[in-house]
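Within every chain, numbering begins at 1; the chains are lettered A, B, ... in the order of the sequence lines, protein sequences first and strands thereafter. Only heavy atoms go into these numbers, but all of them, side chains included; no hydrogens, no water, no symmetry mates.
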Amino acid sequence: MSARVQSESFDLGAELSGFGAGAGAIVTFSGLVRDEGGRLVALEIEHYPGMTEKALAAYGAEAAQRFGLSDWRVIHRHGRLAVGEPIMMVATAARHRQAAFAAAEYLMDWLKSRAPFWKREIGPGGAGAWVEARSEDEDALSRW
Amino acid sequence: MSARVQSESFDLGAELSGFGAGAGAIVTFSGLVRDEGGRLVALEIEHYPGMTEKALAAYGAEAAQRFGLSDWRVIHRHGRLAVGEPIMMVATAARHRQAAFAAAEYLMDWLKSRAPFWKREIGPGGAGAWVEARSEDEDALSRW
Amino acid sequence: MAVDVLYFAWLRERIGQPRERIETRAATVRDLVAELVALDEWHAAALSDLAAVRVALDQELADLDAPLAGVREVAFFPPMTGG
Amino acid sequence: MAVDVLYFAWLRERIGQPRERIETRAATVRDLVAELVALDEWHAAALSDLAAVRVALDQELADLDAPLAGVREVAFFPPMTGG
């Protein structure tokens, strides 16, 4: 049961070692930097130190209670992340698969629209546009 | 894009190394042997050699097409698996998280009720009951 | 014609063997089941409740009314519990 | 009272600084925005379209009509794009 905000990379396999012991179902999500057809070389991720950690821990605890998770983990990076690098991950452990899937999707929907991170595109020529929030991401929250 | 049936264990982290390169979203599910409150020491999993491999490959290919996956992997074990060991995993890679989540859940729903595996409980005293199919698992298929 | 008939999980245990070769004139799976049930008490016990039995023909799921023409391998088993 | 006002992403860039200390008598976030907009053209540009601005009070998401009494840190930023 932990939330981390960090600039260093992480290894999904290493993070999962020992995760969810005793559970029947483990779901993970990881988000990676896409090159958007060659338009991007990296993303620069800004965040709100202090609030970020609190928000991730709060959403994790909420998901744990709502879906009866036996374990959960959230890691989100900030700073400059090259194409192909992991941006973040969530992992959820529960008795059955439905709860583990639902909790991972719930966490992702909250992180996308309610955790204080902002992505900026970095192209071959340097810093580009701030990524705009997608209305689908906002809409996704309404299902919970 | 691969399906495997094997008696050996596998390491989720190792399986994901290089998986889904170029994708933005990776979802994994892994199922582990639960001890059911101390009632079990292992599961024995029987399967239908020949049909199993075909079924897993077919469901994977179907999910890839339906959800636009850039990569997928299914591994399912058979034989005697001790409590805490991984039973199976699916991994899906797509551009966005919705497709990756939906494809992983779709694959799990198919594997649970349509792939030729049968689980038997092994208690401290030896072989016990065959696990009965859950009506929720059958119902889960109807949503697709 | 001759078909290989395979059994899995508790059907295999009740019948006492994992496979057998059967000479049959059955037109459908249901007809074949009737012939098997008539063989002995073990087949009868295993195949008594068809709601609990699933069928594959040449390794593809099928239903009880599927035709057997050209089929080489018929498998009977309980509802699957993978994943 | 004095509050620390923080800006992130393009709001930070338009305003030209990540934080500032503001003496204010504003009762709500909306009142504070009005005072900030009156400061100079950069604040006005950053805070012109409030539909595109999100607010946190002491690191908790809040809305524009939330009261400022007792608040020490106010943050303005665009819709979040984590994950």
Under 3.5 Å donor-acceptor, [X] side chain and [Y] backbone:
| X | Y | result |
| --- | --- | --- |
| B:Lys119 | C:Gly83 | yes |
| B:Trp118 | C:Phe8 | no |
| B:His76 | C:Gly82 | no |

Exercise. Side chain, backbone, both or neither: which part of C:Ala9 has a heavy atom under 4.5 Å from chain B?
Worked result: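 Backbone plus side chain of C:Ala9, per the 4.5 Å heavy-atom cut-off to chain B.
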Exercise. Of all the residues in residues 97-106 of chain B, which have a heavy atom that comes within less than 4.5 Å of a heavy atom in chain C?
Worked result: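 When heavy atoms of chain C are the reference, residues 97-106 of chain B contributes no residue within the under-4.5 Å range.
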For this session: Anything in residues 33-57 of chain B with a heavy-atom distance to chain C below 4.5 Å? Please list those residues in order.
Result: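 Answer by number: B:Glu46, B:His47, B:Tyr48, B:Pro49, B:Gly50, B:Met51, B:Lys54.
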Is it the case that atom [atom1] in [X] sees more than 12 heavy atoms from other parts of the structure closer than 6.0 Å?
| X | atom1 | answer |
| --- | --- | --- |
| B:Gln65 | CD | no |
| B:Arg66 | CZ | yes |
| B:Arg143 | CZ | yes |

Exercise. Of all residues at least two apart in sequence or in a different chain, which pass the side-chain contact (heavy atoms from CB on, under 4.5 Å) check with B:Asp139?
Worked result: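 Counting only residues at least two positions away or on another chain, B:Asp139 forms no side-chain contact (heavy atoms from CB on, under 4.5 Å).
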For this session: Check whether any side-chain heavy atom of B:Glu132 sits under 4.5 Å from a side-chain heavy atom of C:Thr81, and report yes or no.
Result: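 A side-chain contact is absent here, since even the closest heavy-atom pair is not under 4.5 Å.
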For this session: May I ask you to test the B:Arg120-C:Trp10 pair for a side-chain heavy-atom distance under 4.5 Å?
Result: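 Not touching, per the 4.5 Å side-chain cut-off.
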Problem set entry | chain B-proximal positions within residues 29-54 of chain C [heavy-atom distance under 4.5 Å] |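 Residues in range: none.
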For this session: Heavy-atom distances under 4.5 Å only: say whether B:Arg77 touches chain C with side chain, backbone, both or neither.
Result: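 Neither part, no heavy atoms under 4.5 Å.
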Problem set entry | Residue selection (most heavy-atom pairs with chain C, distance under 4.5 Å) from B:Lys112, B:Met88, B:Glu138, B:Arg114 |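 Max contact count across the listed options: B:Lys112.
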